[in-house]
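Below: the structure, in structure tokens.
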Amino acid sequence: MARVLLFGPLRDLAGWREREVEGSTLAELRARLQAEDAALGEAIAGPGVQVAVDQALVRGEVSISASAEVAFLPPMSGG
Amino acid sequence: MARVLLFGPLRDLAGWREREVEGSTLAELRARLQAEDAALGEAIAGPGVQVAVDQALVRGEVSISASAEVAFLPPMSGG
Amino acid sequence: MIGLTEAAFDPGALLSEFSLARQEVGAIASFTGLARAEAGQTQVLELEAYPGFTEARIAKIAEQARERFGLADLIVLHRVGKIGPGEPIVFVATASRHRRQAFEACDFLMDYLKSRAPFWKKEHGPDGARWIEPRAQDHADVARWEQEKKS
Amino acid sequence: MIGLTEAAFDPGALLSEFSLARQEVGAIASFTGLARAEAGQTQVLELEAYPGFTEARIAKIAEQARERFGLADLIVLHRVGKIGPGEPIVFVATASRHRRQAFEACDFLMDYLKSRAPFWKKEHGPDGARWIEPRAQDHADVARWEQEKKS
């Protein structure tokens with residue numbers, strides 16, 4: 001279980017900003033999101049989308065603690 | 001006759017800032033100032049001292065109208 | 001001071017405070033970014049940040065600027081949420097002994113903020129809304145500092 | 001706006017006014033030069049101008065900056081007379097569509113003001129007063145713009 005956050009265009013695409021999602025690894029979270037919303041699943045796997053777990057960027061596969069905050073960050077537009 | 005203005009270190013050297021001085025050419029003004037105060041006469045002839053007549057920089061010899069404002073500008077220090 | 005704010009702010013009020021009671025700081029540079037109306041094409045700009053993460057990233061950029069240019073102090077305030085035309089989006093000020101460092105640090109901070117800071121920007125215009133990405137110029141601007149560092 | 005003032009001024013108040021009601025100006029850069037205390041070595045700075053002549057020279061420098069960088073607006077306010085440590089000496093602000101031009105114009109204006117503007121500067125310290133001239137760095141700074149123009 002993790003708190004998933006979406007930003008920018010991902011939020012508009014999904015129609016939500018923040019949700020609890022089941023999963024104990026990043027791969028499980030991605031699979032769960034993909035199953036519920038294929039367009040979102042594809043978008044969060046897209047080029048330039050970074051992932052932050054508990055506000056730290058991660059690369060590749062990681063495990064997710066029960067209270068983790070997992071953010072999908074589309075390409076940033078700068079300030 | 002002209003109104004002579006001194007700026008910066010020239011003013012400190014002469015002990016005045018503004019005076020009426022007799023002369024119908026710049027050379028006459030310089031000679032008059034030199035006669036009254038040799039140190040000042042030398043200083044206003046020194047390198048980097050520019051002359052403005054009625055607020056316009058001049059080079060070399062010029063005639064001076066009766067109501068002219070003649071300023072001796074030592075090297076500028078910038079703002 | 002590094003911060004995000006949803007409220008409109010006055011860059012002058014920030015500069016007044018930033019420039020007070022400085023004894024050995026000869027130079028303060030500042031930059032204010034304003035939302036442009038684009039002749040009516042942009043009615044509202046909407047900026048989204050990731051609270052906590054965004055400030056931490058900006059703090060890292062600020063730390064780099066502080067060290068690289070030997071700054072005495074700096075301030076970065078960034079607006080988030082909906083911003084109307086003519087309103088300030090970002091204010092950066094840098095304080096240093098001499099002006100070259102203050103100018104360069106301010107320029108550096110803006111280049112990094114414009115291309116590397118975690119914000120997502122949406123323009124609302126007469127034809128709807130669109131998400132925007134950094135301009136090619138923004139990428140070129142930030143690359144200047146990385147080349148300089150290498151050479 | 002170009003001006004000289006004998007009175008102390010608040011750079012923030014100037015920036016507040018300068019940044020108000022801008023619709024198509026995305027970028028405002030500013031610079032504030034402050035008198036440094038130099039650890040007690042400078043108690044008072046005294047700046048002398050040639051009224052009329054000095055403003056006209058600054059206006060000429062400003063006109064160059066406006067054309068060269070396509071500025072929408074600019075402001076130069078310069079203090080004259082006796083200035084205490086920590087007090088603002090000069091405030092420059094530039095407004096343009098994009099930030100590169102605003103920064104460069106502000107930098108350009110300061111370089112020219114520091115080396116080419118008709119001011120005479122005296123430092124009053126514990127050991128008396130002395131007239132000062134531009135630093136070698138000031139001459140080098142202004143030379144950058146003249147080389148760029150040639151190339």
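Keep in mind that the numbers below use all heavy atoms, side chains included, and drop hydrogens, waters and symmetry copies. To find a chain, count down the sequence lines: A is the first, B the second, and so on, and within it residues start at 1. Quick caveat: nothing in here was measured; it's all calculated off a predicted structure.
Between atom CG of residue C:L109 and atom CH2 of residue C:W145 there is a gap of 9.0 Å, rounded to the nearest 0.5 Å. Note that CZ of D:R99 and CE of C:M110 are 5.0 Å apart. Values are rounded to the nearest 0.5 Å. For the atom pair CZ of C:R79 and CD1 of C:I89, the computed distance is 9.0 Å after rounding to the nearest 0.5 Å. C:F91 contributes atom CZ, which lies 9.0 Å from atom CE of C:M1 (distance to the nearest 0.5 angstrom).
Looking at C:D10, the atoms closer than 4.5 Å to chain D (heavy atoms on both sides) all sit in the side chain, from C-beta outward. Neither the backbone nor the side chain of C:F18 comes within less than 4.5 Å of any heavy atom in chain D. Proximity to chain C is limited to the backbone of D:A13, based on heavy atoms less than 4.5 angstrom apart. Looking at C:R97, both its backbone and its side chain come within 4.5 Å of chain D, counting heavy atoms on both sides. The contact between C:A35 and chain D is made entirely by backbone atoms, counting heavy-atom distances below 4.5 Å.
In D:E17, the CD atom is not crowded: 12 or fewer heavy atoms of neighbouring residues, nucleotides or ligands sit closer than 6.0 Å.
Ranked by heavy-atom pairs under 4.5 Å with chain C, the first of D:P11, D:A29, D:G26, D:G33 is D:G26. The choice from C:L14, C:T94, C:D111, C:L20 that makes the most heavy-atom pairs within less than 4.5 Å of chain D is C:D111. Across C:R36, C:E87, C:E38, the residue that shares the most heavy-atom pairs under 4.5 angstrom with chain D is C:R36. Of the listed residues (C:A95, C:C106, C:A37, C:G86), the one with the most heavy-atom contacts under 4.5 Å to chain D is C:A37. Across C:L15, C:V25, C:I28, the residue that shares the most heavy-atom pairs under 4.5 angstrom with chain D is C:I28. Top candidate by heavy-atom pairs under 4.5 Å with chain C, chosen from D:S16, D:P88, D:S19, is D:S16. Heavy-atom pairs under 4.5 Å with chain D were tallied for C:A27, C:A102, C:P85, C:S30; the largest tally goes to C:S30.
Note on ring orientation: taking the six-membered ring where Trp is involved, the planes of D:F108 and D:F69 are perpendicular (angle over 60°, cut-offs 30° and 60°).
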Inset, instruction - Please assess C:V92 against C:L74 for the test side-chain contact (heavy atoms from CB on, under 4.5 Å), listing each intermediate value before the final yes or no. - result: CA-CA 7 Å; C:V92 170; C:L74 65 83; over 6 Å; no
Inset, instruction - Show your working on ring-ring contact (aromatic ring centres under 6.0 Å, His included) between C:F103 and D:F103 and close with a plain yes or no. - result: CA-CA 8 Å; C:F103 271 129; D:F103 271 129; 7.5 Å; no
